[in-house]
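Chain A is the first sequence line, chain B the second, and so forth, proteins listed ahead of strands; every chain is numbered from 1. The structure presented is a predicted model; accordingly, all values stated were derived computationally and were not measured.
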There are 2 protein chains.
Amino acid sequence: MARIEETPWLDPGQQRAWRGYRRLRLLVDTRVARDLAVDSGLSDPDYDVLSELSEASGHRRRLGELAERMLWSQSRMSHHVKRMQQRGLVRREECARDGRGAEIVLTGEGLRVIEEAAPHHVASVRRNLIDLLTAEQIAMLEQIADTVVERVEPRP
Amino acid sequence: MARIEETPWLDPGQQRAWRGYRRLRLLVDTRVARDLAVDSGLSDPDYDVLSELSEASGHRRRLGELAERMLWSQSRMSHHVKRMQQRGLVRREECARDGRGAEIVLTGEGLRVIEEAAPHHVASVRRNLIDLLTAEQIAMLEQIADTVVERVEPRP
DNA sequence: ACGATCTACATGACACATCAACTACTCCCT
DNA sequence: AGGGAGTAGTTGATGTGTCATGTAGATCGT
């Protein structure tokens, strides 16, 4: 990486892109999260965990695997699962193959909640992002995201 | 707004765009925030507040004005300013024209910190987003953000 | 001028996220 | 088998964000 003194400032277009991105993120995420809370009593992370579990075989996954797929820290997942467990959305089971392990399982209630929530959430995502953009913009958004996700590397 | 039952599911391209956006956001924001914390001891919101104040005339703004410009709730700003004040980055002054008002003023220390932090932060933004994209992608990102910010409306 | 109402801000309670320990189990090497 | 290193997960402290509510000063109608 170049030395700090050599890093050029953002040019006006880059500046606008960065500020635009941050504003987009603030607006869209705040609104989607608020819709989700009002419509379904879920937080955004709640929804993501339920969604991930509902797509897993047996509606269950190891805690660490869940965390890795979602790019969460294990600690975050552990804390979050504890709260979701207290609300009856998931439960923990001991892992037969690994005494240290925890399997997180979607409960019937959890399944009911995510199925109820999904259509509202889709509508919210449309209202707050997807339906505001043209098909070309959607395609570009995907392409930009893919580019970044592919190229970002851990810091030394 | 259409009834929920009528809202179509996201098509595959929209699905990928939405998931891509979420992953982009998670990756970029986590990294930029982490860099900022390591390099300068600031959180992302800290940086934004300092930056906004440093651009204000007299390095000061009313709390509510600050919140409005940054699309934050007043409550959030009030809490955040309290924490920043405890670290000596800003201070509160009573407002002469309005007995209820609070003026938030950048301290000398706050100015020093943001000036020290800025080049590192720019480098981080480049490393984690801007320099990963082509000029066309940057322009599209700006355009997408502008479109969304313009069109998003409050919910009834 | 006085009460109703509105506005600016603060606060408390709670959910969320991160980092730094810590515990308990597994794996591997000899 | 035994001991060290690595791995899976938990926990506690702290900072961050949201909502509901509280308080005091401004404003406006009469």
Legend entry - Pair Gln137(A)-Thr147(B), side-chain donor/acceptor within less than 3.5 Å: yes
Legend entry - Carboxylate-amine/guanidinium proximity below 4.0 Å for Arg92(A) and Glu103(A): no
Legend entry - Whole-Å distance separating the CG atom of Asp44(B) from the P atom of dG15(D): 17 Å
Inset, instruction - Can you tell me the distance, in whole Å, between the CZ atom of Arg25(A) and the C1' atom of dG17(D)? - result: 12 Å
Inset, instruction - In whole angstrom, give the distance that lies between atom CG of Leu42(A) and atom C1' of dA15(C). - result: 13 Å
Inset, instruction - Report which part of the nucleic acid Arg83(B) touches: base, sugar-phosphate, or nothing (heavy-atom distance under 4.0 Å, all strands). - result: base
Inset, instruction - Decide, yes or no, whether a salt bridge links Asp146(B) with Arg16(A) under the criterion of side-chain N to carboxylate O below 4.0 Å. - result: no
Legend entry - Side-chain N or O of Ser43(A) closer than 4.0 Å to phosphate OP1/OP2 of dC16(C): yes
Inset, instruction - Summarise how protein sits on nucleotides 22-27 of chain C as a single string, 5' to 3': B when a protein heavy atom is under 4.0 Å from the base, S for sugar-phosphate-only contact, - for no contact. - result: --BBS-
Inset, instruction - Look at atom CD of Glu68(B) and say whether more than 12 heavy atoms of other residues, nucleotides or ligands are closer to it than 6.0 Å. - result: no
Inset, instruction - Take atom CZ of Arg62(A) and atom C1' of dT7(D), then tell me their distance rounded to the nearest Å. - result: 10 Å
Inset, instruction - Using a cut-off of strictly less than 4.0 Å, decide whether Arg87(B) has a side-chain nitrogen or oxygen near OP1 or OP2 of dG15(D). - result: no
Legend entry - Ser43(A) side chain to Asp46(A) side chain, donor-acceptor N/O pair below 3.5 angstrom: yes
Legend entry - Gln85(A) and Arg91(A): side chain donor to acceptor below 3.5 Å: no
Legend entry - Whole-Å gap separating C1' (dA8(C)) and CZ (Arg61(B)): 17 Å
Between protein and nucleic acid, restricted to nucleotides 10-14 of chain C and to nitrogen or oxygen atoms under 3.5 Å apart, what atom pairs and distances do you find?
from: dA10(C); atom 1: OP1; to: Arg92(B); atom 2: NH1; distance (Å): 2.1
from: dA10(C); atom 1: OP2; to: Ser78(B); atom 2: OG; distance (Å): 2.7
from: dA10(C); atom 1: OP2; to: Arg92(B); atom 2: NH1; distance (Å): 2.9
from: dT11(C); atom 1: O4; to: Ser75(B); atom 2: OG; distance (Å): 3.0
from: dG12(C); atom 1: O6; to: His79(B); atom 2: NE2; distance (Å): 2.6

Legend entry - Interatomic distance, Trp72(A) CH2 vs dC16(C) P [rounded to whole Å]: 9 Å
Legend entry - Side chain of Thr30(B) (C-beta onward), nearest among dT18(C), dC16(C), dA8(D): dT18(C)
Inset, instruction - Figure out the CG/C1' separation between Leu66(B) and dC9(C), and round it to whole Å. - result: 13 Å
Legend entry - Whether His121(A) and Tyr47(A) hold their rings parallel, tilted or perpendicular, with breakpoints at 30° and 60°: tilted
Legend entry - Gap between atoms CG and P, on Leu36(B) and dG15(D) respectively (whole Å): 16 Å
Inset, instruction - Consider only side-chain N and O atoms of His79(A) and Arg76(A), and report whether a donor and an acceptor are under 3.5 Å apart. - result: no
Inset, instruction - Answer yes if Leu50(A) and Met70(A) sit in the same cluster of Ile, Leu, Val, Met, Phe, Trp and Tyr residues linked by side chain heavy atoms under 4.5 Å apart, and no otherwise. - result: yes
